[in-house]
Protein chains: 2
Amino acid sequence: MRSRSEEEDGTAIANRTAYPRGKRVSLIPADHACGLCPVRLQTFCGLLEAEDLARFKYQGSTGRLKPGEPLFHEGDAADLVYNLTAGTLKLYKLLPDGRRQIIGFLLPGDFLGTAPGDHAFSAEAVEPAEYCRFARARFDAFVDTHPEIGRELYLMAVHELAAAREQMVLLGRKTAAERLATFLLGLFDRARARNADWEIVRLPMSRTDIADYLGLTKETVSRSFTAFRTAGMIRLLPADRVELLQRGPLEELASANAG
Amino acid sequence: MRSRSEEEDGTAIANRTAYPRGKRVSLIPADHACGLCPVRLQTFCGLLEAEDLARFKYQGSTGRLKPGEPLFHEGDAADLVYNLTAGTLKLYKLLPDGRRQIIGFLLPGDFLGTAPGDHAFSAEAVEPAEYCRFARARFDAFVDTHPEIGRELYLMAVHELAAAREQMVLLGRKTAAERLATFLLGLFDRARARNADWEIVRLPMSRTDIADYLGLTKETVSRSFTAFRTAGMIRLLPADRVELLQRGPLEELASANAG
DNA sequence: CGGTGGCTTGATCATCCTCAATAGGAGTGG
DNA sequence: CCACTCCTATTGAGGATGATCAAGCCACCG
């Protein structure tokens with residue numbers, strides 16, 4: 001059995017909501033390796049000038065995952081850090097008897113950091129995914145020479161901590177309907193932060209995944225979806241998409257939290 | 001309604017378990033203001049040489065709380081950071097209808113940081129408490145000139161994030177007995193990390209507090225205590241103390257998590 | 001078309017919650 | 001020292017939310 005301090009894991013950052021961020025460098029040469037990266041400005045990469053960014057990029061590599069393919073497992077040595085550039089990942093922890101708690105979904109632009117030691121959770125693709133990958137040792141060294149990135153990482157960790165606490169309220173105190181409403185609105189907000197002002201969002205994860213994220217069963221999730229649909233709050237579209245019809249009642253349920 | 005980015009809050013660090021930490025400065029002059037501080041070596045203060053520590057101390061002040069007295073409320077402006085030097089605090093979030101989720105208990109030596117914006121949770125004394133307090137702006141400036149403290153804060157945030165995820169597993173997937181077993185063992189471990197190898201620990205918080213931390217009701221907590229007592233795993237002593245009689249069965253229940 | 005896998009729906013069950021009453025313990029005043 | 005109060009913890013009975021078990025449905029795909 002590993003010692004507790006070896007079980008530490010890092011920051012997995014989901015850009016759920018806006019947070020105070022450093023100033024982005026919007027223009028880099030078109031022929032730059034990161035020039036076409038669709039998420040550069042959403043990550044700390046956007047903090048770097050072209051020259052630094054090139055040096056940084058040179059230290060990493062890219063990869064690709066098929067749906068269901070793991071990026072790493074809980075207990076694996078954690079010596080890489082990742083930046084998700086496309087697709088969706090789920091992060092989860094297992095109990096010995098197989099019960100599973102999904103602790104978050106990562107979308108393009110999210111950072112998946114790791115601290116020294118072993119991974120405290122597993123990461124797996126929900127749909128085809130692509131990522132940039134860096135050796136943690138090199139990454140840390142790079143951060144040491146770029147304090148603005150260190151500061152950004154700290155803010156990301158603090159932000160993620162706030163999100164985790166929000167989720168603790170959901171898991172500890174909300175009803176099934178409230179959990180799903182919170183989840184859906186969160187997805188819409190995250191989508192809005194990235195794309196346009198769409199009222200339609202894709203749900204790449206299965207009902208089982210949603211259930212394991214919300215502390216419910218797939219049946220209860222399904223019933224709650226049906227209830228929302230019947231009440232005219234949402235519409236379920238082909239290709240795993242959901243349309244938001246009435247934000248009000250859902251917000252009422254999600255009851256963000258008291259001020 | 002505040003914008004999302006204003007709702008950010010900071011790092012509240014519970015020294016639940018060991019984590020990789022910077023090297024402590026064990027000797028400082030006896031007449032130093034922090035010379036008698038019982039928790040100096042458990043906090044980042046222990047990283048500072050006497051001279052720096054004096055400068056740091058000079059920027060802060062101390063305070064005291066009676067049981068039940070709030071340190072701040074969710075929604076208050078967050079422009080101070082705290083170091084708990086004695087007593088116990090509970091941190092919690094409320095839903096509009098009064099449902100409460102306690103997101104953590106702070107013990108002496110724990111740091112209660114805040115990020116710009118408003119507090120995302122409330123903090124309140126469970127038993128008489130004492131703390132050091134610093135203006136966040138000054139604290140940040142001090143951190144900027146002491147990168148070793150910045151690094152420590154980052155590690156603390158990452159550590160707290162791991163603990164929050166562990167709690168998500170508890171809240172989402174564990175049974176009542178498993179939750180209480182996990183909670184009790186966590187308390188024993190935290191106590192051991194601070195004091196001696198005692199098998200007796202004090203529970204300064206009420207059954208209601210424990211329930212709101214574990215996502216249960218006080219009745220269910222009480223019944224689980226009784227079950228553990230009846231099974232001979234623990235003994236309930238006067239003055240809110242619990243003695244650990246059989247660690248094995250409790251660990252079985254807590255089922256830390258799969259490797 | 002038949003098969004496969006995920007989603008939905010239904011019926012029953014169990015855990016935990018709710019409501020209510022009792023017991024215990026600390027503090028107070030006679 | 002004892003009675004009284006207040007507050008919390010414990011215990012009990014009944015009920016509800018969500019889990020479990022079990023079909024049926026639907027889309028997708030060979």
Side-chain angles (χ1 to χ4, degrees), chain A residues 66-68 88 90 95 97-102 124 126-128 170-184 202-231 234-242 253, chain B residues 66-68 90 95 97-102 126-128 170-184 202-231 234-242 253:
Chain A
K66 285 190 272 292
T88 307
K90 58 186 172 194
L95 291 175
D97 63 0
R99 279 174 289 175
R100 186 177 69 153
Q101 178 66 43
I102 290 184
E124 185 179 315
V126 163
E127 57 178 346
L170 181 148
L171 292 169
R173 287 296 177 228
K174 290 189 179 178
T175 65
E178 288 167 350
R179 293 178 198 212
L180 186 61
T182 307
F183 172 69
L184 287 176
R202 214 161 45 80
L203 291 181
M205 66 291 288
S206 70
R207 293 291 186 270
T208 302
D209 284 344
I210 297 173
D212 284 347
Y213 181 59
L214 300 179
L216 300 169
T217 58
K218 59 181 191 300
E219 292 92 339
T220 300
V221 170
S222 191
R223 282 185 240 274
S224 301
F225 265 111
T226 302
F228 288 176
R229 186 163 45 74
T230 305
I234 59 171
R235 180 154 40 183
L236 296 176
L237 306 172
D240 302 324
R241 295 163 85 87
V242 193
L253 274 172
Chain B
K66 284 188 274 289
K90 58 186 172 195
L95 291 176
D97 63 2
R99 279 174 290 176
R100 186 177 68 152
Q101 178 66 43
I102 291 185
V126 164
E127 56 178 348
L170 182 150
L171 293 169
R173 287 297 177 227
K174 290 190 179 178
T175 65
E178 289 167 348
R179 294 178 199 211
L180 186 61
T182 307
F183 172 69
L184 287 177
R202 215 162 46 79
L203 291 181
M205 66 291 287
S206 69
R207 294 291 186 269
T208 302
D209 284 344
I210 297 173
D212 284 347
Y213 180 58
L214 300 179
L216 300 168
T217 60
K218 59 181 189 301
E219 292 93 338
T220 299
V221 169
S222 192
R223 282 184 240 274
S224 301
F225 265 112
T226 302
F228 289 176
R229 184 164 46 73
T230 305
I234 60 171
R235 181 155 41 184
L236 296 175
L237 305 172
D240 302 324
R241 295 163 85 87
V242 193
L253 274 172

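It should be emphasised that the depicted structure is a prediction, and the values quoted were computed from it without experimental measurement. Here is how names work: the chains are called A, B, and so on, in the same order as the sequence lines, proteins then strands, and each is numbered from 1.
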Pick out which of A:T220, A:L180, A:T230 makes a side-chain contact (heavy atoms from CB on, under 4.5 Å) with A:F225.
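Testing each of A:T220, A:L180, A:T230 against A:F225, the sole residue satisfying side-chain contact (heavy atoms from CB on, under 4.5 Å) is A:L180.
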Identified side-chain contact (heavy atoms from CB on, under 4.5 Å) counterpart of A:R179 within the set A:I210, A:V221, A:L170, A:L253
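Among A:I210, A:V221, A:L170, A:L253, the one meeting side-chain contact (heavy atoms from CB on, under 4.5 Å) with A:R179 is A:L170.
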Between [N] and [X], is there an OP1 or OP2 to side-chain N/O distance shorter than 4.0 Å?
X	N	answer
A:T226	C:dT9	yes
A:R223	C:dT8	no
A:T220	D:dG18	no

Between P on C:dC16 and NZ on B:K218, what's the gap in Å once rounded to a whole number?
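Going from NZ in B:K218 over to P in C:dC16 covers 17 Å.
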So B:L236, base contact, sugar-phosphate only, or nothing? Heavy-atom distance under 4.0 Å.
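Sugar-phosphate contact only - B:L236 comes under 4.0 Å of backbone atoms but never of a base.
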Students often get this wrong, so: under 4.0 angstrom with heavy atoms, is A:S222 touching a base, only sugar-phosphate, or nothing?
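Base contact.
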Short side-chain to backbone donor-acceptor contact, B:D97 and B:R99, under 3.5 Å:
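The answer is yes, because a donor-acceptor pair under 3.5 Å joins these two groups.
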Most 5' of A:A239 and A:E219 on DNA chain D, judged by nearest nucleotide:
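Per heavy-atom nearest nucleotide, the more 5' residue is A:E219.
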Using the side-chain heavy atoms of B:R207, tell me which of these nucleotides is nearest: D:dA9, C:dC7, C:dC16.
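The nucleotide sitting nearest to the side chain is D:dA9.
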Base of D:dT17 paired with side chain of A:R179 (donor-acceptor, under 3.5 Å)
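Looking at the base of D:dT17, it does not pair with any donor or acceptor on the side chain of A:R179 (distance under 3.5 Å).
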Would you call B:D212 and B:R207 a salt bridge, taking side-chain N to carboxylate O under 4.0 Å as the test?
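Looking at B:D212 and B:R207, the cut-off is not met.
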